[in-house]
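Written below as structure tokens is the structure these notes are about.
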Number of protein chains: 4
Amino acid sequence: MFSKFLNLDKEKQDRIINAAIKEFAEKGYDRASTNEIVKEAGISKGLLFHYFQNKKQLFLFLFDYCYELVTDEFYKKINLKETDFFRRMRHAIMIKADMLGTYPDIFKFIQEVFLEESAEIKIEFDRKKSELTHINMERAYEGIDFSKFRDDVDLTKIIKIINWTFEKMSDEAIQKAKLSPTHEINYQAIQAEAEEYFEVLIKCFYK
Amino acid sequence: MFSKFLNLDKEKQDRIINAAIKEFAEKGYDRASTNEIVKEAGISKGLLFHYFQNKKQLFLFLFDYCYELVTDEFYKKINLKETDFFRRMRHAIMIKADMLGTYPDIFKFIQEVFLEESAEIKIEFDRKKSELTHINMERAYEGIDFSKFRDDVDLTKIIKIINWTFEKMSDEAIQKAKLSPTHEINYQAIQAEAEEYFEVLIKCFYK
Amino acid sequence: MFSKFLNLDKEKQDRIINAAIKEFAEKGYDRASTNEIVKEAGISKGLLFHYFQNKKQLFLFLFDYCYELVTDEFYKKINLKETDFFRRMRHAIMIKADMLGTYPDIFKFIQEVFLEESAEIKIEFDRKKSELTHINMERAYEGIDFSKFRDDVDLTKIIKIINWTFEKMSDEAIQKAKLSPTHEINYQAIQAEAEEYFEVLIKCFYK
Amino acid sequence: MFSKFLNLDKEKQDRIINAAIKEFAEKGYDRASTNEIVKEAGISKGLLFHYFQNKKQLFLFLFDYCYELVTDEFYKKINLKETDFFRRMRHAIMIKADMLGTYPDIFKFIQEVFLEESAEIKIEFDRKKSELTHINMERAYEGIDFSKFRDDVDLTKIIKIINWTFEKMSDEAIQKAKLSPTHEINYQAIQAEAEEYFEVLIKCFYK
DNA sequence: CATGAATGAGCCTTCATTCAT
DNA sequence: CATGAATGAAGGCTCATTCAT
């Protein structure tokens, strides 16, 4: 599919990828301009469409690229030896926060993908997005000691509730950041808040 | 502000409102075309801008319109005499599911508003959206008997977790519907799933 | 032609005239909006077109109105007993400067008329404009003692040169004002400069 | 800035330039339609904005283009060896009259620029225009023998008066032409009139 | 492989003018 | 007289995509 592009020298690939991610992250799918992308990447109009048939394909490629990059990085860092659910989750959250600092554009792009409702894009992405969500946390449960959870209720439901809690918590943090004057996310505050939720969840869901 | 428009005969108002809601719901703010709206509404280009100064104002009006309609309807139906948290919530979910069937475009539009990231719209809407979210459920807690909840953990956190759980559950249902061939939401299945979560939550969060 | 309009009560007439002059003065013929005029005048769209068939007729009416007002005022004030050409001219310049302070919109409007090149307006106004120019100064020569001018050259040419000199001088002053930050015309400086030109012209053109 | 455009083959450049100059000359900045320009030039809508970011930039380019063309041509033809002020000026006027015949649209466009009051254009052009005015004649004074002028009055004022005289004379000629049925300028008549003014000015301003 | 000129439909918005009330 | 809803052509401009070179 994108083999032509992948045969390019890495430096040019990166220039194009970064330019495209930045533009999509900033403006969203519809408003993103291929013109701006080629200008930023320093390549010609035609070339972009030579490698990626059209805007949609480019977006699709970028999504897969980011998906892989983020997931790889995450699993390289996560400690699968830690068997306590909450300690593992705490670590995962810290890793995510860290990556958000290292690859802000990529995260903004991914966030953009999740918010993107552009009709042209929606259907084919919805499956991908739900996959990614599942992986985001659930794949990370390898080796977890689930026996600590109370066993009078359905474990999978508890896990879902916990995940949803932290997803919503981070959504709220992003939302709050958007309303603040600096638009900056206060990671320390999030961490602190997360700890408080950890406490509640442990009390209610552990034996 | 929109007094000119509101003095129109109801039938024409509705034609315009419905056409606009449909277009925005389908395509999102950026891609929605005022051309399509006037064509669907059967009015002239100029008239739309006679009533609503510009696209943004139209969107704003529509948001307020839908907000009011949905909220009014909801509070007319909800039984504030029911003091049990989970029974009240069960009722609220049923009402919402009902309204989703009655006003599908309006709900799609509201959902669109919440996903909307168009730079032109974002800032002024973010506040409105967060207000609406708060109201959506929290205003509905009037008269609730909170003494039933365990008191070894922060009550507000529990409430948040519960709300988030049902929000995410319904998000997932919508998501699932979009991936199905008919795009139809299976309300019965949702109801059943909700009951299962109710059970878990009651067990864990009530005394 | 405009008898319908002239039968209105004076107050309404004035509201309309002032609103229209202001709009045309500010934006020029093309960019001036009849919408703004009716809004400012507090009348309905239809009424404006009831009195003045269309935008062009309104502009024409306004021109005649301003022309008359300015000329009347000027001849009321000018002292025709003064027979010395330059003293008379000095007085005329002072009167004009005065009126510019009293009726800034009207003067801006007249200036606008002179600069207006809008194809729709041009032809029918060119004659009027050249008439007005002639009157502006030349009608004011009644009773002037032209015997003071040297008689080895054509008197009419001298008069033209003198008029042109002061016209261009004031054009330059307006131009200079436009380039300054405050956009304000420095009348004292103009007066002073005029005196210097008077001196030159008297030396060269009087016997 | 306009390098894209300047790399085009000359023939297409000319088609665009001529179409644009003609449209602006005829209708003025505001009323000029980019639609008309592309139609006349036989190019697509997009292409015009590919070369010139927007209408204003196009106008700016055209101004510089005309300015250069006219000035270059003028200084190629003027004889700087002639030291007599009035003989030099007579020559300059003849050259200008000549050029007006060769490039009527360009001159109409330049005249248009000078009359242009469109708010969008005004500020950035006012400086340019005043520069051009200064150059128009004053740069042409190199090597002039000013000792022939009477020295009991300020020389710079005399020069101004002379320039203004010929500027106004030519304005009047253009004005007269516009009122005539054929719209044609009678160069012979202008020449003759100019000679008469020369006589007056020489008598009054030379020693 | 690479360029960037060229396309043209589509975008939102403005506007003078008309006409039923 | 007076209103203001209604019209629809025209405005400047953007954009993904194509194609001759």
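The sequence lines fix the lettering, A, B, ..., with proteins before strands; numbering per chain opens at 1.
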Can you tell me the pairing partner of [N] across any strand shown, Watson-Crick or G-U wobble, with both distances under 3.5 angstrom?
N	answer
E:dT17	F:dA6
F:dG12	E:dC11
E:dC1	none

Which residue, A:Ala32 or B:Asp9, contacts DNA chain F at a nucleotide closer to its 5' end, judged by nearest heavy atom?
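Whichever sits nearer the 5' end wins; that is B:Asp9.
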Reading DNA chain F from 5' onward, which residue's closest nucleotide shows up sooner: A:Gly46 or D:Asn35?
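Nearest nucleotide further toward 5': that of D:Asn35.
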d([atom1], [X]; [atom2], [N]) in whole Å:
X	N	atom1	atom2	answer
A:Leu48	E:dA2	CG	C1'	13 Å
A:His50	E:dC1	NE2	C1'	6 Å
C:Gln53	E:dC19	CD	P	13 Å
C:Glu23	E:dT14	CD	C1'	13 Å
B:Asn7	F:dG4	CG	P	10 Å
D:Gln57	F:dT14	CD	P	12 Å
C:Lys45	E:dT21	NZ	C1'	18 Å
C:Leu47	E:dA16	CG	C1'	16 Å

Between C:Phe5 and C:Phe61, does the ring pair (Phe, Tyr, Trp, His ring centres under 6.0 Å) criterion hold? Intermediate values first, please.
CA-CA 10 Å; C:Phe5 176 72; C:Phe61 169 83; 5.3 Å; yes
Is B:Phe52 touching bases, backbone alone, or none of the nucleic acid, heavy atoms closer than 4.0 Å?
nothing
Mind checking if C:Lys39 touches a base, just sugar-phosphate, or nothing, with heavy atoms under 4.0 Å?
nothing
Using heavy-atom distances to pick each residue's nearest nucleotide on DNA chain E, tell me which of D:Ile43 and C:Ser33 is more 5'.
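Mapping each residue to its closest nucleotide by heavy atoms, the 5'-most match is D:Ile43.
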Measuring from the side chain of B:Phe49 (C-beta onward, heavy atoms only), which nucleotide among F:dC13, E:dT14, F:dT3 has the closest atom?
E:dT14
Looking at [X], does any N or O in its side chain come under 4.0 Å of the phosphate oxygens OP1/OP2 on [N]?
X	N	value
C:Thr34	E:dT17	no
D:Ser44	E:dG8	no
C:Lys55	E:dA16	yes

Which atom of C:Ala25 lies closest to which atom of C:Phe109, heavy atoms considered
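It is CB-N, 3.7 Å.
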Mind listing the closest non-hydrogen atom pair of D:Ile21 and D:Asp105 along with its distance?
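What the structure gives for the nearest pair is CG2-O, 3.6 Å.
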Has D:Lys22 got more than 12 heavy atoms of other residues, nucleotides or ligands less than 6.0 Å from its NZ?
no
Within a 6.0 Å radius of atom CD on B:Gln57, are there more than 12 heavy atoms belonging to other residues, nucleotides or ligands?
yes
